[in-house]
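Comments concern the structure below.
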Amino acid sequence: MFFEKANEVLKEIETALPENAEALEQFRIKYLGTKGILKELFGAMGNIAPERKKEYGQLMNTLKTAAEQKHETLKAKFTATTQESKSSVDITAPAYTFKVGTRHPVSIIRHKMIEIFSRIGFTVAEGPEIEDDWHNFTALNTPEDHPARDMQDTFFLNEEKEWMLRSQTSTVQIRVMETQKPPIRIVCPGRVYRNETISARAHCTFHQVEGLYIDTDVSFADLKQTMLYFAQEMFGKNVEVRFRPSFFPFTEPSAEMDISCFVCEGKGCPVCKYSGWVEIGGCGMVDPAVLQNCKIDHNKYTGFAFGMGIERITMLKYRINDLRLFFENDVRFLKQFESAN
Ligand SMILES: [Zn+2]
């Protein structure tokens with residue numbers, strides 16, 4: 001009777017197929033538990049006839065091994081399945097947000113200015129920020145005793161004032177004219193320095209984009225058209241330009257450039273101080289003396305030059321009212337330009 005029962009249980013164990021970890025645990029309790037069937041069958045040993053005890057014992061071992069092996073195998077399988085499902089990718093999970101930084105507003109506008117001028121054939125030229133007297137002043141028609149030097153007081157690196165931080169990127173124009181033959185059509189973006197008291201409107205460091213075009217028959221009309229193209233690309237198609245006579249040592253004639261106020265369209269508003277016009281930079285025809293300094297034949301070639309402060313354009317474009325914000329690295333300010341990238 002116990003042999004029959006044991007053989008039945010063996011078949012049950014062999015055919016049992018728990019489908020998950022929970023069912024497997026039930027299987028373990030049923031056969032291998034402290035109150036399980038095997039325990040019960042082992043306990044029946046005393047009732048077995050002595051000559052069959054050995055046989056019964058062997059059968060019991062077979063049963064136990066079968067139950068244990070099945071339990072071990074399935075346990076390993078279910079554990080592996082659980083781990084696999086944990087490590088697999090859940091494609092329904094929300095994505096991690098990945099924050100990239102923002103470009104500085106001055107960089108955004110510098111790129112835009114370069115891009116606009118590159119569309120009409122200007123290439124980018126760069127030069128050193130530490131300059132000598134020749135490139136920063138003398139070659140630009142500003143000899144030592146010239147009063148215009150006071151307007152561009154900068155930081156000198158030695159007592160003799162031979163070396164200085166450049167006060168304008170016109171230095172790059174000189175370097176290009178000294179080494180390249182016309183036609184020359186360049187823009188020079190870069191950082192410049194002035195010995196100025198820091199305020200909402202002035203800083204000791206700022207950025208310029210200057211432009212230079214030298215070829216035969218370059219006229220003031222070309223300058224006007226170039227500046228009009230820039231103004232309309234930067235501020236909108238309805239913008240007009242205005243030129244007011246001015247003075248720069250390195251251009252003749254010289255002019256200040258205004259654009260019609262793109263905020264009020266000329267009606268008058270706080271941005272244009274109710275004048276309808278806002279100043280964006282200076283320009284003029286390159287003084288023949290400057291061409292001569294760079295050994296370019298001023299009887300054959302003419303050219304125009306212009307210069308704009310990048311901060312000035314950025315302040316107009318984004319209506320920023322304090323120059324100091326550009327240099328304070330306050331993320332609350334910088335984060336506002338995320339979408340402008
Ligand atoms: Zn206005």
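Numbering of ligands and ligand atoms starts at 1, following listing order. The chain is numbered in sequence order, starting from 1.
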Problem set entry | the Zn ion (ligand 1) - number of protein N/O/S atoms closer than 2.8 Å |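 For the Zn ion (ligand 1), protein nitrogen, oxygen or sulfur atoms under 2.8 Å: 4.
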Let me check something: any side-chain donor-acceptor pairs from residues 265-274 under 3.5 Å, sequence neighbours excluded? List them with distances.
none

Identify all side-chain donor-acceptor contacts of residues 316-325 below 3.5 Å with residues at least two apart in sequence or on another chain.
from : atom 1 : to   : atom 2 : distance (Å)
K317 : NZ     : M234 : O      : 2.6
D322 : OD1    : R324 : N      : 2.9
D322 : OD1    : R324 : NE     : 3.0
D322 : OD2    : R324 : NE     : 3.4
D322 : OD2    : R324 : NH2    : 2.9

For this session: Taking the six-membered ring of F3 (Phe, Tyr or Trp), confirm whether the NZ or CZ of R52 is under 6.0 Å from its centre and within 45° of its axis.
Result: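 Checked: cation-pi criterion met.
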For this session: Kindly say whether the aromatic ring centers of F117 and F306 come within a distance under 6.0 Å.
Result: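 Ring-ring flag for F117/F306: true, centres closer than 6.0 Å.
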Problem set entry | ring pair (Phe, Tyr, Trp, His ring centres under 6.0 Å) contacts touching residues 156-198 (sequence neighbours left out) |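 Qualifying pairs: none.
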Exercise. Is any NZ, NE, NH1 or NH2 atom of the basic residue among E233 and R119 found under 4.0 Å from an Asp or Glu carboxylate oxygen of the other?
Worked result: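 Salt bridge flag = yes for R119 with E233.
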